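Accompanying notes for the structure given below.
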2 protein chains.
Amino acid sequence: MKQAKRKKLESRGWKIGSTTDLLKLTAEEEAYIDLKLSLSESLKNRRQDKNMSQSELARLIQSSQSRIAKMEAGDPSVSMDLLVKSLLALGASKKDVAKAIAASSD
Amino acid sequence: MKQAKRKKLESRGWKIGSTTDLLKLTAEEEAYIDLKLSLSESLKNRRQDKNMSQSELARLIQSSQSRIAKMEAGDPSVSMDLLVKSLLALGASKKDVAKAIAASSD
DNA sequence: TGCTTATATGTCAGTTTTGACATATTATTA
DNA sequence: TAATAATATGTCAAAACTGACATATAAGCA
């Protein structure tokens, strides 16, 4: 994994292991993170396309503005379940979700 | 939603609301459940294609046989995160995951 | 510039998900 | 048939995730 990418992930709060095994992020771990970041991005785009504020989306899915912010920031404390439920609440179809997931993140 | 399908879901342990609003499962809720069941199925197929037992898979992902069984049974206590991580551990690519998700469940 | 709205970040108690365990049920094979 | 392997089901303490809140920072506009 490239140094730049690792930095990006670490800045978002992902713990990629101790300093000694920073370079050992497995392909599966990387794919999993990629996948969540793709969902994050997709969520942000969908919300903005609807001219909706984070607070409005929070109301829609009975969550809070801060959690929406964390979702869109790719915070590791957010589950895929919540990301997907949010996308669906914004009108995404299963195929839309699939497309978001298949998209490579960089 | 069809009666037969609802029964199927309820038999797996999904709580689809009280008797009065059994028919009001929203499209989003339905899509979310469908999506998880598709991942379940995909996981089971992948594992079996590799001639791997649930115990072996459990070891591989540092989980337990009982949790694998729950994943494959579509138990509502299992997160999408765990399902996806497991698929990736079995060698699925992001595209494979996307395909599983896009697949309609019945 | 100040004012307002939107987004980001940190914390935390309540809830959900977790691996592990015991044990039941169902194949599979001798 | 018995014995063994595989899968299913129920429970629980620990770990992870959650909405909510406070508050910081940023963006837009008068």
Side-chain angles (χ1 to χ4, degrees), chain A residues 7-17 28-29 32-33 35-37 39-90, chain B residues 7-17 28-29 32-33 35-37 39-90:
Chain A
K7 276 228 164 163
K8 198 177 91 184
L9 291 178
E10 284 174 342
S11 74
R12 299 197 198 210
W14 293 91
K15 292 215 189 65
I16 317 206
E28 298 103 81
E29 288 174 319
Y32 171 69
I33 295 176
L35 207 143
K36 283 180 73 174
L37 293 181
L39 291 172
S40 290
E41 229 178 297
S42 180
L43 180 67
K44 184 167 195 169
N45 290 338
R46 271 195 175 263
R47 176 181 64 79
Q48 290 179 331
D49 285 354
K50 296 205 164 196
N51 278 89
M52 193 179 275
S53 69
Q54 291 183 344
S55 297
E56 287 173 312
L57 175 56
R59 237 171 287 135
L60 179 65
I61 66 169
Q62 285 155 165
S63 181
S64 60
Q65 179 271 323
S66 59
R67 188 132 300 271
I68 307 290
K70 276 158 191 148
M71 281 199 241
E72 294 184 355
D75 190 290
S77 83
V78 176
S79 71
M80 271 193 61
D81 295 76
L82 187 58
L83 285 164
V84 168
K85 281 182 185 172
S86 304
L87 278 168
L88 295 173
L90 282 177
Chain B
K7 277 228 166 162
K8 199 178 89 184
L9 291 178
E10 285 174 343
S11 74
R12 299 199 197 208
W14 291 91
K15 291 214 190 66
I16 318 208
E28 297 105 77
E29 289 173 319
Y32 171 68
I33 295 176
L35 206 143
K36 283 179 71 173
L37 292 181
L39 291 172
S40 288
E41 229 177 298
S42 180
L43 180 68
K44 184 166 194 169
N45 289 338
R46 272 195 175 264
R47 177 182 64 79
Q48 290 180 331
D49 285 354
K50 296 206 162 195
N51 277 89
M52 194 179 274
S53 70
Q54 291 183 343
S55 297
E56 286 172 313
L57 175 54
R59 238 172 284 134
L60 180 65
I61 66 169
Q62 284 155 164
S63 182
S64 60
Q65 179 269 326
S66 58
R67 189 131 297 273
I68 309 289
K70 277 157 191 149
M71 281 198 242
E72 294 184 353
D75 189 290
S77 84
V78 176
S79 71
M80 271 194 61
D81 295 76
L82 188 58
L83 285 165
V84 168
K85 280 182 187 173
S86 304
L87 277 168
L88 295 173
L90 282 177

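Basis for what follows: all heavy atoms, side chains included, without hydrogens, waters or symmetry-related copies. Convention: sequence-line order gives letters A, B, ...; per-chain numbering from 1. Bear in mind the structure is a predicted one, so any value in this text is a computation, not a measurement.
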*Is the closest side-chain heavy-atom distance between A:Lys85 and A:Ile61 below 4.5 Å?*
no
*Toward the 5' end of DNA chain C, by each residue's nearest nucleotide, B:Ser79 or B:Gln65*: B:Ser79
*Heavy-atom side-chain proximity of B:Leu88 to B:Val84 below 4.5 angstrom*: yes
*For the atom pair CG (A:Leu83) and OG (A:Ser42), what is the distance rounded to the nearest 0.5 Å?*
9.5 Å
*Working to the nearest 0.5 Å, report the span between CG of A:Leu60 and OG of A:Ser86.*
9.0 Å
*What is the distance from CE of A:Met71 to P of D:dC17, rounded to the nearest Å?*
14 Å
*When we call it a touch if two heavy atoms are under 4.0 Å apart, what does A:Ser63 touch: a base, just sugar-phosphate, or nothing?*
sugar-phosphate
*Less than 4.5 Å apart, any side-chain heavy atom of B:Arg67 and any of B:Lys70?*
yes
_Shortest non-hydrogen contact from B:Asp81 toward A:Met80_ = OD1-N, 2.9 Å
*Looking only at side-chain atoms of A:Arg67, point me to the closest of D:dG19, D:dT7, D:dA20.*
D:dG19
*Quick one: closest heavy-atom pair of A:Lys36 and A:Ser79, and the distance?*
NZ-CA, 4.3 Å
*In this structure, which one of B:Glu41, B:Gln48, B:Arg46 forms a side-chain contact (heavy atoms from CB on, under 4.5 Å) with B:Lys44?*
B:Gln48
*Could you check how far CE of A:Met80 sits from P of D:dT18, rounded to whole Å?*
12 Å
*Take atom CD of B:Glu72 and atom C1' of D:dA6, then tell me their distance rounded to the nearest Å.*
11 Å
*On DNA chain D, check which nucleotide each of A:Lys36 and A:Ser64 is closest to and give me the residue with the more 5' one.*
A:Lys36
*asked:* A side-chain contact here means heavy atoms from C-beta on lying under 4.5 Å apart; do B:Gln65 and B:Leu57 qualify?
replied: no
*asked:* Would you say that B:Leu39 contacts B:Leu43 through its side chain, given a criterion of any heavy-atom pair below 4.5 Å between the two side chains?
replied: no
_Interface residues of residues 47-54 of chain A with DNA chain C (non-hydrogen, below 4.0 angstrom)_ = A:Arg47, A:Ser53, A:Gln54
*Does anyone know the first and last nucleotide of DNA chain C in reach of chain B, 5' to 3', at under 4.0 angstrom to a heavy atom?*
C:dT17 to C:dC21
*Does a salt bridge link B:Glu72 with B:Arg47, judged by any charged N lying under 4.0 Å from a carboxylate O?*
yes
*To the nearest 10 degrees, what angle separates the axes at the start and end of the helix from C:dT1-D:dA30 to C:dA30-D:dT1, five pairs each?*
50°
*Indicate, with a heavy-atom threshold strictly under 4.0 Å, whether A:Leu82 touches base, sugar-phosphate, or nothing.*
sugar-phosphate
*asked:* Without decimals, in angstroms, what is the distance between B:Leu57 CG and D:dA6 P?
replied: 13 Å
*Would you kindly give the CG-to-C1' distance between B:Leu43 and D:dT7, to the nearest whole Å?*
14 Å
*asked:* Tell me the interatomic distance from B:Lys70, atom NZ, to D:dC12, atom P, rounded to whole angstroms.
replied: 12 Å
*When the distance from CG of A:Leu83 to P of D:dC17 is rounded to whole Å, what number comes out?*
11 Å
*Measure the CD-CD1 distance between B:Glu28 and B:Ile33 for me, rounded to the nearest 0.5 Å.*
12.0 Å
